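Let me begin by presenting the structure, written as structure tokens, before commenting on it.
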Protein chains: 4
Amino acid sequence: MSGSVNKVILVGNLGRDPEVRRLNSGEPVVSLRIATSETWKDKNSGERKEKTEWHSVVIFNENLARVAEQYLKKGSKVYIEGQLQTRKWQDQSGAEKYTTEIVLQRFRGELTILDSRGSASDDHQRGDAADQRRADGIGSGGGLNDLDDDIPF
Amino acid sequence: MSGSVNKVILVGNLGRDPEVRRLNSGEPVVSLRIATSETWKDKNSGERKEKTEWHSVVIFNENLARVAEQYLKKGSKVYIEGQLQTRKWQDQSGAEKYTTEIVLQRFRGELTILDSRGSASDDHQRGDAADQRRADGIGSGGGLNDLDDDIPF
Amino acid sequence: MSGSVNKVILVGNLGRDPEVRRLNSGEPVVSLRIATSETWKDKNSGERKEKTEWHSVVIFNENLARVAEQYLKKGSKVYIEGQLQTRKWQDQSGAEKYTTEIVLQRFRGELTILDSRGSASDDHQRGDAADQRRADGIGSGGGLNDLDDDIPF
Amino acid sequence: MSGSVNKVILVGNLGRDPEVRRLNSGEPVVSLRIATSETWKDKNSGERKEKTEWHSVVIFNENLARVAEQYLKKGSKVYIEGQLQTRKWQDQSGAEKYTTEIVLQRFRGELTILDSRGSASDDHQRGDAADQRRADGIGSGGGLNDLDDDIPF
DNA sequence: TTTT
DNA sequence: TTTT
């Protein structure tokens, strides 16, 4: 159809470390599990309530997949832009299932890291400045190198 | 979690007429089935290809539900803004299923009619100017009345 | 700054035909003037009111510039995605002026044509099917050709 | 015009503390100055470059204005959703000027605080957990009170 | 199941 | 004027 738009914008936190698969071509495909949540105060009880929604994100965009692999981990806060896609599959019993994912296709979508720590629940979180510069993708010093051209943030 | 965003933006066409349920309170809840699609030219075969994605939209926002009920029908083109929500349910065999929908909560979301054919809930779609003005929500003449205050487009 | 987003989404109509300039490289740069408007009913007078906002859009994205040049004209309805940019300039008297535009940079932004007529106020609007297919970018028949690979809708 | 959308989405940092004016009605109107920026590596020189864009945001939405007043300050990172609006005015010499702003109208727009330092209107930014919970709008303990119902994050 |  |  001409004239259609299919866009999802999420700001949320990773519930676990990114999962990386490789295509036959060697390109990484990264899956993220992202939580968004809303809080409100119940009109009746006066209690503060919270509802969390979990989103499955799949990154085929090669540059963004590499950024996700290198810089994201459990707890990271990200801005994500992708499109909705529903896949049909069969579980082990042969039952039909549908899964809806936010997909960042090749050359499409956006990913922006919103925290400068890079991590929340990491045991080994180093806080030194060099590490920080790497995590923010602005390190031009030694080491980041071939990824450096593509860092989109 | 503080600081999260969960937003879907769709521009697409209705695959069928809106479905209207009533809450116990009498408020309408409208379900839409919306198609978005992409076309591209296959690099190898040179063929033009198309992939259509179907989206389930549920409108709890009362004003927008009434607009959807009155003005949308199969084929209508709309701009929709809502949030992702995944529901768990059981089919008749007791198997667990998940369905992801774009939800327009009470007082939230947006719906804008993008074609000017518009007017629905009507077997006799007239093309006259008055009808058009109603379909565009700018009719101030007789008849539209109590909905008139709320028309969001 | 790491972690920033600058995004504008417009759905509106062209107030005049696109203006096309050429860079030294020969690439087209297309400027659009787009109207969005809101209508509401005045609480006191009960009158229906309307306010129109005009937006200046500049398309550096080469593929989208060519689509705009070929398919858009006064009255066309479009979905546009770009970023805000404010330019400082001097008028003939030397006074400082600022202009804020929605810019679609090279390889960035989106443009989707939302009407299938392509035009509103054209004297020569042909309505034949072939013309229609071209206007919607899905014509694979004769003539569209070298643009055909890039048509983004 | 029916069927239009005018939406701006920003993620950026405040360049200075919010400015608060009061309407005759006593409602606060808050102005923000927000920076977004892009960095890239120059193809030729290999240098890392950065371009910052500054945005003027005006919040008429009463709840969001109060949140901005209470929780934002220079350096805060926010997600903002509003609409473009261009105002004409005259400088002291009588020259015509235009200013384009991102406006959050009454009952419209969104504001989400993205950093957890957050808490403002306070010279003594404490880092304790209770303070953090308030800054994140999830504090249900004593003290936040009348704003508490409206906190949108 | 839409639209082109 | 921010942020990295």
Side-chain angles (χ1 to χ4, degrees), chain A residues 1-6 71 112-118 129-141 151 153, chain B residues 10-19 31-40 48-57 72-78 80 114-115 117, chain C residues 1-6 71 112-118 129-141 151 153, chain D residues 10-19 31-40 48-57 72-78 80 114-115 117:
Chain A
M1 168 194 343
S2 77
S4 73
V5 174
N6 173 0
Y71 300 111
T112 300
I113 303 179
L114 293 177
D115 48 6
S116 28
R117 294 145 282 165
D131 191 49
Q132 188 54 61
R133 283 167 69 242
R134 279 200 300 285
D136 290 336
I138 57 172
S140 62
I151 293 174
F153 54 98
Chain B
L10 299 178
V11 173
N13 295 274
L14 272 69
R16 51 167 115 103
D17 287 343
E19 288 171 17
S31 296
L32 306 177
R33 196 71 179 148
I34 293 182
T36 57
S37 68
E38 295 179 282
T39 58
W40 69 97
R48 187 150 285 278
K49 304 227 175 171
E50 178 169 21
K51 180 157 179 284
T52 295
E53 191 69 36
W54 287 97
H55 309 272
S56 295
V57 174
L72 298 183
K73 58 180 163 187
K74 183 174 171 174
S76 297
K77 173 163 284 192
V78 289
I80 287 271
L114 294 178
D115 50 6
R117 290 152 278 169
Chain C
M1 168 194 342
S2 78
S4 73
V5 173
N6 173 0
Y71 299 111
T112 300
I113 303 179
L114 293 177
D115 48 7
S116 29
R117 293 145 283 166
D131 191 51
Q132 187 53 61
R133 283 167 68 242
R134 280 201 299 285
D136 290 336
I138 56 171
S140 62
I151 293 175
F153 54 97
Chain D
L10 299 178
V11 173
N13 295 275
L14 274 68
R16 52 167 115 102
D17 287 343
E19 288 171 16
S31 297
L32 306 177
R33 194 73 178 147
I34 293 182
T36 57
S37 68
E38 296 179 280
T39 58
W40 69 96
R48 188 150 283 277
K49 304 227 176 171
E50 177 169 21
K51 181 158 178 285
T52 295
E53 191 69 36
W54 286 97
H55 309 271
S56 294
V57 174
L72 298 183
K73 57 180 164 187
K74 183 172 170 175
S76 297
K77 173 163 284 192
V78 289
I80 287 271
L114 294 178
D115 49 6
R117 292 152 277 169

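Quantities reported herein were computed from a predicted structural model and do not represent experimental measurements. Note on naming: letters A, B, ... go to the chains in the order of the sequence lines (proteins, then strands), and numbering restarts at 1 for each one.
The CD1 atom of D/I34 sits 10 Å away from the C1' atom of F/dT2 (whole-angstrom rounding). Rounding to whole angstrom units, CD1 of residue D/I80 and C1' of F/dT3 are separated by 16 Å. Rounded to whole Å, the distance from NE2 on B/H55 to C1' on E/dT1 is 13 Å. Distance, D/K49 NZ to F/dT3 P: 24 Å, rounded to whole Å. Rounding to whole angstrom units, CZ of residue B/R33 and P of E/dT3 are separated by 15 Å. Going from atom CD of B/E50 over to atom C1' of E/dT1 covers 13 Å, rounded to whole Å. Computed from coordinates, the A/I113 CD1 to F/dT3 P distance equals 19 Å when rounded to whole Å. At whole-Å resolution of the value, CG in A/D115 and C1' in F/dT4 are 13 Å apart.
The minimum heavy-atom distance between B/A35 and B/T52, with the atom names listed, is CB-CG2, 3.8 Å.
If you check E/dT1, F/dT3, E/dT2 against the side chain of B/R16, the one that comes closest is E/dT1. In the set E/dT2, E/dT1, F/dT2, the nucleotide with an atom closest to the side chain of B/N13 is E/dT2.
Side-chain atoms of D/D17 do not come within 3.5 Å of backbone N or O of D/K73 as any donor-acceptor pair.
For E/dT3, neither phosphate oxygen OP1 nor OP2 lies less than 4.0 angstrom from any side-chain nitrogen or oxygen of B/K77.
A salt bridge is defined here as a Lys NZ or Arg NE, NH1 or NH2 lying under 4.0 Å from an Asp or Glu carboxylate O, and B/R48 with B/E50 fails to meet this definition.
Ring stacking is absent between D/W54 and F/dT2, as the pair misses the limits of under 5.5 Å between centres and under 30 degrees between planes.
A side chain to side chain contact (heavy atoms under 4.5 Å, CB included) with C/N6 holds for exactly one of D/I34, D/L10, D/V11; it is D/L10.
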